[in-house]
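Structure record follows, encoded as structure tokens.
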Amino acid sequence: MTLSRLVLFSGWGIDARIWQPLIACLHARLAHVTETDDQAGDGADDQTKRRPLEIIAPDWPEEGPQADSRADSEPTASQASLGGADTLWLGWSLGALRAEALAREQAPAALVSLAMGPSFIDQAPSEQTIPALAPEVLEDFRAAFARNPAASWQHFLRWQASGEGSARDCLKQLRELIGRHPVSRAAVLAAGLAELASRQMSLAPQPELPLEFWLGKQDPLLAPGLSAALRAQGQVVAEFEGGHCLPLSATEALADALLTRMGLTTHVTRISEEA
């Protein structure tokens, strides 16, 4: 089945600008298809003129420059119909936990959890069989955030970039994309940390909503053994060379994986064969 719409959910404290390199890469790979569609002209029917891929990167909740005043808002009306049988959702980090919860209502065709397991921290360490970070890790960070939100946000950028092959270059690119100051208010960021402490995905089989985990091999925000534990429970797992910042460190590999998962590789294959 070919999926024609991609929805991208960003992570804690980082707005949709994080997706710019990936979106550019996807458009570049499909550029010839787009040009062919454009050349079809006004007389072509809608199917002929349709782009092979529509990409939406909503800033929810309130991580972008257009944020409103609510700290714990649900998607706005313009974001209330992001699902559908033609749609793949890719949630990165906290965005994956949010997307999984929202998917129960909006029903995309498939969901990919990028750089996130079923939970960020152990929800019930004595019962949980899927590895996650110890609760103290997040508790310490939340305490530091309460004392100095701006400094803690900067520390988080360095933390998530630390697993990349060139952490300095990744951090530089990250700051060039999103700036050196968070666009969200401290209350919004604090609410996001509370979500990281409480949200947990359901791993119960859901044929109507296939769930996949795409993880970085050197991700410092994931617990050791996560990939193996997920596979042991029958979950679909793909691993990428990189850390937590896969949208920046594994842009091309991620674009190729998305096109394959969405059934759009036939477009790219046809282009390369005709080149």
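Positions are given from 1, in the same order as the sequence printed here.
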### Query
Can you name the closest pair of heavy atoms from Gly11 and Ser93 and give their distance?
CA-CB, 4.2 Å

### Distance-minimising heavy-atom pair for Leu222 and Leu226
CD2-CD2, 3.9 Å

### Task
Using a 4.5 Å cut-off on heavy atoms from C-beta on, say whether the side chain of Leu26 contacts that of Trp19.
no

### Query
Taking only residues two or more places apart in sequence or in another chain, which ones pass salt bridge (Lys or Arg N to Asp or Glu O under 4.0 Å) with Arg261?
Glu212

### Task
Report the C-alpha distance between Trp12 and Phe141 in whole Å, list the side-chain angles of each, state the deciding distance to 0.1 Å, and finish with yes or no for ring-ring contact (aromatic ring centres under 6.0 Å, His included).
CA-CA 13 Å; Trp12 181 81; Phe141 184 81; 5.7 Å; yes

### Task
Please examine the side chains of Leu264 and Arg29, heavy atoms only from C-beta on, and report whether any two atoms are closer than 4.5 Å.
no

### Message
Set out, in order, the CA-CA distance, both residues' side-chain angles and the distance that settles side chain to side chain contact (heavy atoms under 4.5 Å, CB included) for Ile14 and Leu177, then state yes or no.
### Response
CA-CA 10 Å; Ile14 296 179; Leu177 283 170; over 6 Å; no

### Task
State, to 0.1 Å, how close Thr87 and Arg5 come at their nearest heavy-atom pair, and which atoms those are.
OG1-NE, 3.1 Å

### Query
Which ring pair (Phe, Tyr, Trp, His ring centres under 6.0 Å) pairs, counting each pair once, include a residue from residues 97-117, with sequence neighbours left out?
none

### Task
Supply the atom-to-atom distance Leu258 CG to Ile55 CD1, rounded to the nearest 0.5 angstrom.
8.5 Å

#### Entry: Side chain Gln160, main chain Cys245, donor-acceptor under 3.5 Å
no

### Query
What's the spacing between Ile23 CD1 and Ile56 CD1 if we round to 0.5 Å?
10.5 Å

### Task
Give every residue pair that meets the side-chain hydrogen bond (donor to acceptor under 3.5 Å, both in side chains) criterion with at least one member in residues 167-181, sequence neighbours excluded.
Gln154-Arg175, Ser166-Asp169

### Message
Listing request: all ring pair (Phe, Tyr, Trp, His ring centres under 6.0 Å) pairs with a residue in residues 231-258, at least two apart in sequence or in separate chains.
### Response
Trp92-His244, Trp214-Phe240

### Query
Within a strict 4.5 Å, meaning less than it, do heavy atoms of the Leu114 and Pro247 side chains meet?
yes

### Task
For residues Phe213 and Pro118, determine if any side-chain heavy atom of one lies less than 4.5 Å from a side-chain heavy atom of the other.
yes

### Task
Search all heavy atoms of Ser249 against all heavy atoms of Gly242 and return the closest pair with its distance.
OG-CA, 4.1 Å

### Task
Supply the atom-to-atom distance Glu100 CD to Arg199 CZ, rounded to the nearest 0.5 angstrom.
9.0 Å

### Side-chain heavy-atom pair Leu82, Pro58 within 4.5 angstrom cut-off
yes

### Query
Looking at CG of Leu94 and CG of Leu193, how far apart are the two atoms once the value is rounded to the nearest 0.5 Å?
8.5 Å

### Minimum-distance pair of heavy atoms, taken over all atoms of Phe9 and Ala99
CD1-CB, 3.8 Å

### Task
Only pairs at least two apart or in different chains count here, so list each salt bridge (Lys or Arg N to Asp or Glu O under 4.0 Å) that has a residue in residues 229-242.
Lys217-Glu241, Arg231-Glu239

### Query
Rounded to the nearest 0.5 Å, what separation is found between the CZ atom of Arg142 and the CG atom of Leu189?
12.5 Å

### Summary
The reported gap from CG in Leu133 to CD1 in Ile121 (rounded to nearest 0.5 angstrom) is 8.5 Å

### Summary
Nearest heavy-atom approach of Leu211 to Gln235 is O-OE1, 4.4 Å

#### Entry: Worked check of side-chain hydrogen bond (donor to acceptor under 3.5 Å, both in side chains) between Thr129 and Gln233
CA-CA 10 Å; Thr129 59; Gln233 292 203 9; 2.8 Å; yes

### Query
Looking at side-chain heavy atoms only, is the closest gap between Ile18 and Leu248 below 4.5 Å?
yes

### Task
Check whether any side-chain heavy atom of Leu6 lies under 4.5 Å from a side-chain heavy atom of Pro108, and answer yes or no.
no

### Side-chain heavy-atom pair Trp153, Leu157 within 4.5 angstrom cut-off
yes

#### Entry: Ala96 backbone acceptor or donor facing Ser113 side chain under 3.5 Å
no

### Message
According to side-chain contact (heavy atoms from CB on, under 4.5 Å), who are the partners of Ala109, at least two apart in sequence or on a separate chain?
### Response
Leu3

